[in-house]
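To start, the structure under review is shown below, and the notes come after it.
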Amino acid sequence: MARHCKDTSDLKPLTLIMKNNVISHDKVTTFITKQQFPPASKWHSLLLCLHSQQFNENLSEQQRCEVSDLLAQLLEMRSFSEELLNEAFQKKETILNAQYVSELQAALEETATILD
């Protein structure tokens, strides 16, 4: 399944991590092990969640690409603070909710047009 996501050619480590713009399970679990995240940690859960969302057919192709890009960015990080974790969760939610936000905005505009 080839994808056309954001051009990452200038980011050399990403090209080594990603194949067809999907990051393998092995790369994610190797990274988690190397960072020594406990199995019940939020970082561990977030990384595995993002990995699985790359294959979520309920998401648009664009959303899956954005999830892959976010996961790649996180795998390049060297610091894992609570603040960065919260930012990553927020980005994930923004990506996953994009379709619903768009649909709600369209419904709001339609409602405003009808009321005018």
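Every value quoted in this text rests on a predicted model; they were computed, and no experiment measured them. Values below: all heavy atoms of this structure, side chains included; hydrogens, waters and symmetry mates excluded.
In this view, H44 satisfies the ring pair (Phe, Tyr, Trp, His ring centres under 6.0 Å) rule with no residue, not counting sequence neighbours. Listed by chain and residue number, E83, L84 satisfy the side chain to side chain contact (heavy atoms under 4.5 Å, CB included) test with S81 (two or more places apart in sequence, or in another chain). For the side chain to side chain contact (heavy atoms under 4.5 Å, CB included) test, residues two or more places apart in sequence or in another chain that qualify with K91 are L70, Q73. Here Q35 pairs with nothing under the side chain to side chain donor-acceptor pair (under 3.5 Å) rule; sequence neighbours left out. Take T29 and apply the side chain to side chain donor-acceptor pair (under 3.5 Å) test, not counting sequence neighbours, and it matches no residue. In this view, N86 and E82 satisfy the side chain to side chain contact (heavy atoms under 4.5 Å, CB included) rule, not counting sequence neighbours.
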Check your understanding: Going through the checks in order, is the side chain to side chain contact (heavy atoms under 4.5 Å, CB included) test met by Q53 and R64?
Key -> CA-CA 7 Å; Q53 290 298 328; R64 290 193 303 265; over 6 Å; no
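Taking 4.5 Å as the limit, some side-chain heavy atom of L48 sits within range of a side-chain heavy atom of I32. Between V67 and N56, every side-chain heavy-atom pair lies at or beyond the 4.5 Å cut-off.
Listed by first then second residue, pairs satisfying ring-ring contact (aromatic ring centres under 6.0 Å, His included) with a partner in residues 93-116 number zero, not counting sequence neighbours. The list of ring-ring contact (aromatic ring centres under 6.0 Å, His included) pairs with a residue in residues 64-84, not counting sequence neighbours, reads F31-F80, F37-F80, W43-F80.
Under the side chain to side chain contact (heavy atoms under 4.5 Å, CB included) rule, V28 has a single partner from L50, L47, L74, T33, which is L47.
K27 contributes atom NZ, which lies 12.5 Å from atom CG of L71 (distance to the nearest 0.5 angstrom). The line from SG of C65 to CG of L59 is 11.0 Å long, rounded to the nearest 0.5 Å. Annotation: the span from I95 atom CD1 to D69 atom CG amounts to 8.0 Å, rounded to 0.5 Å. Rounded to the nearest 0.5 Å, atoms OG (S79) and CE (M77) are 6.0 Å apart.
Using modelled atom types, one side-chain atom of H51 and one backbone atom of I23 make a donor-acceptor pair closer than 3.5 Å.
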Side-chain donor-acceptor pairs of residues 103-116 under 3.5 Å, sequence neighbours excluded:
| residue | atom | partner | partner atom | Å |
| --- | --- | --- | --- | --- |
| E103 | OE2 | Q99 | NE2 | 3.1 |
| T111 | OG1 | A107 | O | 2.8 |
| T113 | OG1 | E109 | O | 2.9 |

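Closest approach of Q54 and V22 over heavy atoms only: OE1-CA, 3.4 Å.
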